[in-house]
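Worth saying up front: this structure is predicted, and the values here are computed from it rather than measured. Just the heavy atoms: all of them, side chains too, but no hydrogens, waters or symmetry mates, feed the values below. Throughout, a chain's letter reflects where its sequence line sits, starting with A, and its residues are numbered from 1.
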Amino acid sequence: MRFYFTEQQEKFRCQVRDFLEEQLQAGAFSVHSASLVGPVSREFSRKMAEKGWIGLTWPQKYGGQGRTYVDKMILNEELFRVQAPVGYHFSADRQVGPALMKFGSEWQREHFLPRIVRAEEGIDFCLLFSEPNAGSDLASVATRAERDGDSYIVSGQKVWTSGGHDADYGWLLAKTNLDPEVRSHLSCSEFILDMHAPGVTVRPLVNIAGVHSFNEVFLDDVRVHERYLVGRENEGFKQIMAQVDYERAGIERLMQNYPVFSRLKDHVLHLDKTALDAGRYAWIRDALAGLEVDFQTGRLLCYYTAWLVDQGGNVSSQAALTKSFCTQFEQRVNDIALQILGPVGQIGQGGPWRPPVFIEDLVESYLWGPSYTLQGGSVEILKNIVAQRGLGLPRA
Amino acid sequence: MRFYFTEQQEKFRCQVRDFLEEQLQAGAFSVHSASLVGPVSREFSRKMAEKGWIGLTWPQKYGGQGRTYVDKMILNEELFRVQAPVGYHFSADRQVGPALMKFGSEWQREHFLPRIVRAEEGIDFCLLFSEPNAGSDLASVATRAERDGDSYIVSGQKVWTSGGHDADYGWLLAKTNLDPEVRSHLSCSEFILDMHAPGVTVRPLVNIAGVHSFNEVFLDDVRVHERYLVGRENEGFKQIMAQVDYERAGIERLMQNYPVFSRLKDHVLHLDKTALDAGRYAWIRDALAGLEVDFQTGRLLCYYTAWLVDQGGNVSSQAALTKSFCTQFEQRVNDIALQILGPVGQIGQGGPWRPPVFIEDLVESYLWGPSYTLQGGSVEILKNIVAQRGLGLPRA
Amino acid sequence: MEFRLSEETKLLKDNAGRFLQDRCSSAFLRESVRGETGFSTALWKEMAGLGWLGLIYEERYGGVGGSFFDLCILFEEMGKVLLPTPFFCSAVLSGLLIDEAASETVKKELLPPMIGGERILTLALLDEGGRCDFSDLKMEARKGGDGSFVLTGKRILVPYAHAADEILVCAQIAGPGQNGPTVFRTTGRSQGVKIVSLDTPLTGEKLFAVFYEEAPLSRDDILGVPGRGIDYIEKVLPRAIICKCAEMVGGLARVVEMTVGYVKERRQFGRPLGALQAVQHSCADMQMHLEASRLVTYQAASLLSEGMPCEKEIAMAKAFCSDAYKKCTWSAHQIHGGIGFTEEHDLHFYYKHAKASELAFGDARFHRGRVGEAMGL
Amino acid sequence: MEFRLSEETKLLKDNAGRFLQDRCSSAFLRESVRGETGFSTALWKEMAGLGWLGLIYEERYGGVGGSFFDLCILFEEMGKVLLPTPFFCSAVLSGLLIDEAASETVKKELLPPMIGGERILTLALLDEGGRCDFSDLKMEARKGGDGSFVLTGKRILVPYAHAADEILVCAQIAGPGQNGPTVFRTTGRSQGVKIVSLDTPLTGEKLFAVFYEEAPLSRDDILGVPGRGIDYIEKVLPRAIICKCAEMVGGLARVVEMTVGYVKERRQFGRPLGALQAVQHSCADMQMHLEASRLVTYQAASLLSEGMPCEKEIAMAKAFCSDAYKKCTWSAHQIHGGIGFTEEHDLHFYYKHAKASELAFGDARFHRGRVGEAMGL
């Protein structure tokens with residue numbers, strides 16, 4: 001057991017920090033909490049690509065660096081610490097790449113992976129899983145992909161598509177076996193869908209923070225060539241289960257509000273304690289220390305999960321457990337921050353006046369609150385996974 | 001709306017208080033938290049009977065006073081405030097009487113009710129519902145009652161029988177239709193069982209507080225005359241559902257630890273605040289005020305439920321909701337009391353030495369903790385009832 | 001103990017409920033907030049016409065002479081639809097303050113148009129730090145010559161200050177023979193007064209900062225007796241807090257209704273969402289929080305209404321409702337999933353309202369402090 | 001970051017786990033506690049024979065020279081069966097104190113028999129109020145003539161004081177040219193010392209009050225340098241706390257194991273209990289608490305073991321484990337139902353252990369205070 005980083009890892013962390021500091025100084029982005037995954041900036045992604053930090057864990061033959069998931073966790077921790085604008089390559093890097101390496105054809109790998117690694121134009125991916133009647137319950141997917149010669153004709157409706165409006169490609173789950181007798185688990189396939197293809201309509205959805213971050217996507221007889229079928233026909237479900245682990249194993253679920261948390265600590269450190277009721281300060285201190293304990297524990301869970309990935313084991317249950325722990329922190333931190341700040345905390349950045357005591361993004365982060373325990377598998381689904389796959393309890 | 005008591009109710013409360021004060025002075029019992037329902041004292045019950053306080057809500061023709069459930073709640077609140085030894089008549093008064101009035105034969109009513117009201121010898125009842133494989137799930141009851149002439153022959157095993165070792169009668173749920181095709185809901189009946197009858201064996205169970213309060217009861221071909229069948233054959237389930245509401249609607253689920261709570265408040269009131277860290281005192285104050293809010297809110301729920309009973313409506317869901325709220329307070333109060341007292345709080349009454357800072361019964365109450373949210377329907381079952389019967393959600 | 005609403009109260013509740021449901025569709029509310037004033041003036045007039053603004057005021061001021069308890073019932077109904085109007089700041093905060101403090105002449109001047117909805121009043125309570133600290137008002141009315149004053153200080157989170165005909169504010173009179181905390185009548189259009197709109201995404205009410213920089217006032221602008229400003233406000237706050245609680249109970253009731261309705265209809269994994277045990281337990285918890293919130297609130301409302309002492313009960317109500325409402329909106333969002341996270345859905349109005357209401361007039365911890373005081377701790 | 005146990009550690013863990021599982025049946029443990037000493041002396045000898053008591057001590061004292069981390073692993077395994085022995089008070093609290101404080105001569109006198117299990121030591125830390133307040137020890141060693149002292153004060157909740165050959169206690173030296181807080185070696189059989197058994201239903205360990213009333217001591221009874229008593233103890237406490245955390249992790253692990261095993265077997269409503277969603281979520285929560293508790297504890301244990309600074313990490317571990325273990329025993333009881341509430345079932349040992357451990361060495365709130373300090377708050 002060793003609970004510190006190697007010299008090499010520390011050095012890597014410093015490199016990332018220096019790069020980000022440089023970018024911040026240059027005004028490439030600003031530190032802003034709240035949104036799920038930082039904003040999209042191809043320019044920023046390109047710079048990261050130059051450093052070799054996209055596809056960090058991928059094999060060198062696809063342009064990757066063949067490094068560990070612990071290294072990737074270090075990278076992501078630093079990126080999320082300042083909410084760097086990683087949106088352009090994030091899905092491709094986190095999920096699409098690993099999925100292609102596991103299930104994709106050689107053509108697909110060669111066609112996509114090097115371009116992702118270089119953050120080339122046109123490789124922004126979104127995920128087309130959820131549907132109006134298939135949210136947590138992917139087995140109810142109704143979008144159909146019917147064989148037509150060497151292509152599939154796709155029709156249906158997807159929803160909660162984060163970044164769908166910016167995306168070049170969609171990672172699609174659709175039914176390929178239309179026999180109603182066959183269970184969804186044996187009738188769905190995965191495709192890469194060109195978001196600019198005829199028949200794709202993206203309708204923006206505004207979330208409760210007033211932000212357009214996700215979308216409805218309507219698919220009307222969209223033609224997809226069979227070489228964009230990923231893996232084997234009708235095995236999409238089996239494939240997807242392995243992929244979402246990557247989505248869940250990250251540190252982003254712990255650090256979406258890192259700037260708020262960090263500013264909150266700063267704020268409390270600089271409070272004029274003499275002006276404060278002793279009891280109230282004691283409570284603030286206790287609450288903040290409690291958040292710190294949970295944050296640091298969540299961080300340990302994240303690194304442990306990354307380490308397990310490096311060991312090559314199945315991490316479904318562990319990733320679900322980690323995410324379940326972390327997202328609950330995300331919800332609590334905003335709530336407590338607002339309690340600590342009191343009524344002024346609810347003043348946002350939009351007006352012409354800001355109070356002297358002020359944490360940027362705090363209200364907005366609170367508004368993003370409900371999403372933390374929903375995205376990428378609701379807490380309930382995650383706990384089902386821990387119970388069933390981790391502890392071996394029977395399906396309900 | 002009126003959130004205070006009438007003059008008459010206040011007067012009644014005073015009468016009860018005076019009586020209890022008198023009994024305490026006379027050493028008839030001492031104030032002791034922890035156990036589920038105060039200890040058994042026929043003598044005490046007899047004195048209550050003299051006052052007319054057993055069967056308080058029952059019609060006069062059965063020896064009752066025909067008073068309201070709100071009056072009964074006042075009575076019980078005062079009794080539980082000092083943990084009066086009501087064990088002898090409690091089940092009979094709370095559940096057996098109302099059940100007999102609703103479902104019993106005229107013979108049963110005349111035979112039992114006046115004796116209960118007078119706290120006569122030989123009317124201590126226990127409840128024989130749960131079985132090793134039928135705890136929360138009464139539908140799995142396996143004890144059989146087979147017709148034999150004008151009697152039934154009862155065989156089976158019951159468990160968690162509170163007070164079974166003192167009881168004269170058991171209120172029994174047993175299968176009368178043995179056809180395995182018939183659902184339990186249509187195959188069980190209720191009986192009054194003589195606990196002194198041949199074939200009844202009571203085996204004590206010691207609980208985790210080291211106290212013998214409940215039992216296993218083995219029934220070996222116990223003969224029960226048909227006139228002890230309560231209500232209609234095979235309708236036991238329907239009947240029992242109405243009865244348990246009375247078990248759940250009481251204030252006893254809020255006040256089992258009242259002495260601990262009250263002593264805790266006293267203890268904190270007399271703390272030397274100057275010797276205490278300000279932050280710690282602020283926390284203690286907050287925690288105690290939080291308990292008070294929950295206690296007072298629970299008390300309102302109890303009186304509201306009693307009032308609803310007086311209005312004659314169905315209170316299943318309300319009683320379940322109230323109990324669910326109250327039992328959670330019971331668990332919290334001991335936990336917080338121990339946190340406030342710190343390590344000395346874990347010293348019990350049994351040793352030769354007690355610390356200067358000391359709350360009697362505190363450790364023992366903590367040991368009773370797990371039972372609060374289990375007895376009379378686990379919190380899970382109660383919430384199912386609220387959801388299904390109260391909110392109309394479908395059965396799982 | 002009597003838990004039945006009186007016939008009159010029930011009538012008021014039913015009528016108000018029906019009126020609000022008819023008139024305040026989600027689309028209508030969204031539309032109203034967008035306008036210049038931040039509320040529908042047409043609806044406001046109608047509410048005045050129904051006598052709501054004057055519900056608790058004496059008939060000689062044009063009021064209805066109804067009970068405070070009934071006002072709470074009205075707030076519960078308004079909370080169900082989250083109707084944004086200056087009702088609270090005008091007819092509760094300011095109206096009660098006038099009723100407590102003002103001379104008969106001023107009451108006759110101010111209350112009838114307030115009750116008629118022609119004049120909107122508001123109260124500026126919070127300093128720049130968002131605190132309401134009576135030991136340090138941070139608002140000074142310095143004496144000038146001949147009974148004049150110069151007002152300086154900042155107030156924030158003032159509801160509808162832009163639409164208010166008068167803004168009441170408590171200031172410390174300073175200068176020779178100082179007079180202590182005193183309530184003044186000010187207007188946003190006067191010299192030295194600046195009104196700045198605030199970005200407050202949690203609230204349906206429009207909130208503003210009001211800055212006084214040497215704003216001139218006269219002796220006539222004093223409301224009530226100089227030096228008694230805090231006493232007056234302290235008489236108003238308990239009722240304001242309980243109106244707020246009642247509004248929260250209404251919001252919570254609607255959240256439970258929405259959620260239960262949703263889980264009965266929505267199907268997942270081949271059956272209604274409401275058949276899942278985790279969902280059922282969550283709904284049962286919400287219902288439990290609702291009933292408990294309602295009871296503690298009614299208790300305080302009823303005791304206040306009858307003029308009985310109830311400081312502890314008021315604090316218990318705000319402490320309980322603050323936590324309960326917020327927790328339940330979290331659960332509701334968790335159950336609704338993505339659909340509830342969209343702007344189009346109404347759930348977020350309640351999510352925001354719950355948090356804003358928690359922060360208003362002291363959160364649960366603050367009020368547990370009050371409960372502690374009442375317990376002698 | 002490296003989360004794999006070393007081969008040696010794994011071997012120790014497996015062997016210890018197997019040994020304890022073989023030897024410490026529930027019946028055996030119940031039997032041991034009932035005896036005079038409150039533990040099985042036979043097993044105690046065996047443990048000494050395995051080198052456990054000397055695991056972390058240098059070989060020249062008869063120790064194994066193993067790592068502190070390995071000791072924590074051992075405590076985790078002992079926590080799984082809740083083995084009641086004087087291990088903690090003798091080989092951790094007292095042994096480490098001697099190792100920190102004592103002269104080479106005294107170490108050579110005390111450590112080998114302690115490690116061999118022939119001599120049992122204990123440490124009396126808490127005053128009559130259950131506090132460990134270094135600013136007011138409430139234990140005075142008044143100087144007599146010729147380097148003698150007279151000890152007066154009360155200590156409570158002292159583990160196995162009746163079986164201990166020596167009781168270490170920190171007292172304030174008073175009298176001419178006072179020397180400050182100093183650790184003394186005392187015995188329960190001496191003049192002026194009274195040992196009283198305490199009723200502590202939560203603990204498997206036997207706990208006692210030790211009263212000193214003018215108990216005579218000599219200069220030779222001083223351990224280490226006079227005046228440095230608190231420094232010594234403060235060096236020992238962090239390791240004691242983490243051993244306690246490791247024991248809690250072991251207990252928690254067993255609780256999860258018992259509960260998961262139970263819900264897989266037990267059938268209700270026609271299917272395994274573990275098929276109910278509420279039960280699954282509860283089990284998943286328990287597993288989450290277990291893994292998190294283990295990681296924070298290992299982190300502190302590992303850093304301590306390597307001599308790296310980790311005050312914050314220690315406090316985080318005790319803060320997290322205290323709440324997590326307790327919560328999980330509650331859930332486990334809720335899931336087990338009536339059967340878990342009987343004395344016959346083993347679950348209650350863990351329920352009690354969780355609460356007693358929470359109270360030992362500062363509860364979660366206390367340690368969050370330490371975390372706050374480390375954060376500069």
Side-chain angles (χ1 to χ4, degrees), chain A residues 130 132-137 139-140 159-160 205-214 216 275 277 279-280 283-284 287 331 334-335 338-357 363-364 366-375 378-380 383-384 396, chain C residues 125-132 136 154 156-157 196-203 207-209 211 266-270 273 276-279 282 326 329-330 332-345 347-349 351-352 355-356 358-366 369 372:
Chain A
S130 299
N133 288 306
S136 293
D137 171 23
S140 302
V159 75
W160 321 132
L205 285 172
V206 176
N207 71 22
I208 75 172
V211 176
H212 166 211
S213 74
F214 50 35
E216 290 178 295
D277 172 58
R280 183 162 165 79
W283 167 72
I284 290 176
Q331 227 157 36
N334 295 316
D335 185 40
L338 267 167
Q339 287 179 333
I340 289 176
L341 282 210
V344 291
Q346 65 187 302
I347 298 178
Q349 302 184 91
W353 185 81
R354 295 174 194 182
V357 172
V363 200
E364 206 189 320
Y366 189 78
L367 293 179
W368 282 85
S371 70
Y372 303 132
T373 47
L374 292 171
Q375 278 256 341
S378 69
V379 159
E380 287 79 13
K383 289 184 181 172
N384 290 350
Chain C
L125 264 180
L126 303 180
D127 66 27
E128 209 187 5
R131 279 177 297 265
C132 173
D136 178 14
K154 292 179 184 171
I156 66 167
L157 300 170
V196 178
S197 154
L198 297 178
D199 172 33
T200 52
L202 298 182
T203 60
L207 298 177
F208 297 84
F211 300 142
R266 170 79 174 173
R267 296 182 72 83
Q268 223 171 17
F269 302 106
L273 201 54
L276 289 173
Q277 200 186 15
V279 171
S282 193
K326 184 177 67 181
T329 59
W330 285 351
H333 266 296
Q334 192 62 30
I335 290 174
H336 274 82
I339 190 78
F341 192 59
T342 58
E343 164 102 297
E344 293 169 38
H345 199 278
L347 183 56
H348 66 90
F349 290 118
Y351 177 75
K352 294 167 176 173
K355 189 68 192 175
E358 178 200 21
L359 296 174
F361 301 104
D363 64 8
R365 184 166 311 271
F366 175 85

Original post:
Below 6.0 angstrom between ring centroids: does that apply to Phe341(C) and His333(C)?
Top reply: no
**OP:** Measure Ala356(C) against the heavy atoms of chain A and call it side chain, backbone, both or neither at under 4.5 Å.
**Re:** both
**OP:** Taking Gln375(A) for its side chain and Tyr372(A) for its backbone only, find out whether a donor-acceptor pair lies under 3.5 Å.
**Re:** no
**OP:** State whether the side chain of Arg267(C) and the backbone N or O of Asn133(A) hold a donor-acceptor pair below 3.5 Å, judged by distance alone.
**Re:** no
Subject >> Proximal component of Lys154(C), with respect to chain A [non-hydrogen, under 4.5 Å] >> reply: neither
Subject >> Residues in salt bridge (Lys or Arg N to Asp or Glu O under 4.0 Å) contact with Glu343(C), at least two apart in sequence or another chain >> reply: none
**OP:** With a 4.5 angstrom heavy-atom cut-off, could you sort out which part of Tyr366(A) is near chain C: side chain, backbone, both or neither?
**Re:** both
**OP:** Assess the side chains of Ser282(C) and Gln334(C): does a donor N or O sit below 3.5 Å from an acceptor N or O?
**Re:** no
**OP:** Heavy-atom distances under 4.5 Å only: say whether Phe211(C) touches chain A with side chain, backbone, both or neither.
**Re:** side chain
Original post:
Given a strict heavy-atom distance threshold of 4.5 Å, which part of Val159(A) is in contact with chain C: side chain, backbone, both, or neither?
Top reply: neither
Original post:
Side chain, backbone, both or neither: which part of Leu347(C) has a non-hydrogen atom closer than 4.5 Å to chain A?
Top reply: neither
Subject >> Among the listed options Val357(A), Ile208(A), Val379(A), Val344(A), the residue most often paired with chain C at heavy-atom distances under 4.5 Å >> reply: Ile208(A)
Original post:
Out of Val279(C), Thr342(C), Thr203(C), Asp363(C), which one racks up the most heavy-atom pairs below 4.5 Å with chain A?
Top reply: Thr342(C)
Original post:
chain A: which of Ile339(C), Thr329(C), Val196(C), Leu126(C) shares the most heavy-atom pairs with it under 4.5 Å?
Top reply: Ile339(C)
**OP:** Could you look at Trp160(A) and say if it's the side chain, the backbone, both or neither that has a heavy atom under 4.5 Å from chain C?
**Re:** side chain
Subject >> Closest non-hydrogen atom pair, Leu198(C) against Ala209(C) >> reply: CG-N, 3.7 Å
Original post:
Arg365(C): what forms a salt bridge (Lys or Arg N to Asp or Glu O under 4.0 Å) with it, not counting sequence neighbours?
Top reply: Asp286(B)
Original post:
Where the side chain of Lys355(C) meets the backbone of Leu367(A), is there a donor-acceptor pair that is under 3.5 Å apart?
Top reply: no
Subject >> chain A contact via Arg131(C) - side chain, backbone, both or neither, heavy atoms under 4.5 Å >> reply: neither
Subject >> Point-to-point distance, once rounded to the nearest 0.5 Å, from CG of Asp136(C) to CG of Asp127(C) >> reply: 7.5 Å
Subject >> Side-chain touch Asp199(C)/Arg354(A), heavy atoms, less than 4.5 angstrom >> reply: no
**OP:** Specify which of Ala139(A), Gly345(A), Ala134(A), Pro132(A) makes the most heavy-atom pairs with chain C at under 4.5 Å.
**Re:** Pro132(A)
Original post:
Quick one: of Asn207(A), Val211(A), Val363(A), who has the most non-hydrogen atom pairs under 4.5 Å with chain C?
Top reply: Asn207(A)
Original post:
chain C: which of Pro370(A), Gly350(A), Ser378(A) shares the most heavy-atom pairs with it under 4.5 Å?
Top reply: Pro370(A)
Subject >> Between Leu341(A), Leu205(A), Leu338(A), Asp277(A), the one whose heavy-atom pairs under 4.5 Å with chain C are most numerous >> reply: Leu338(A)
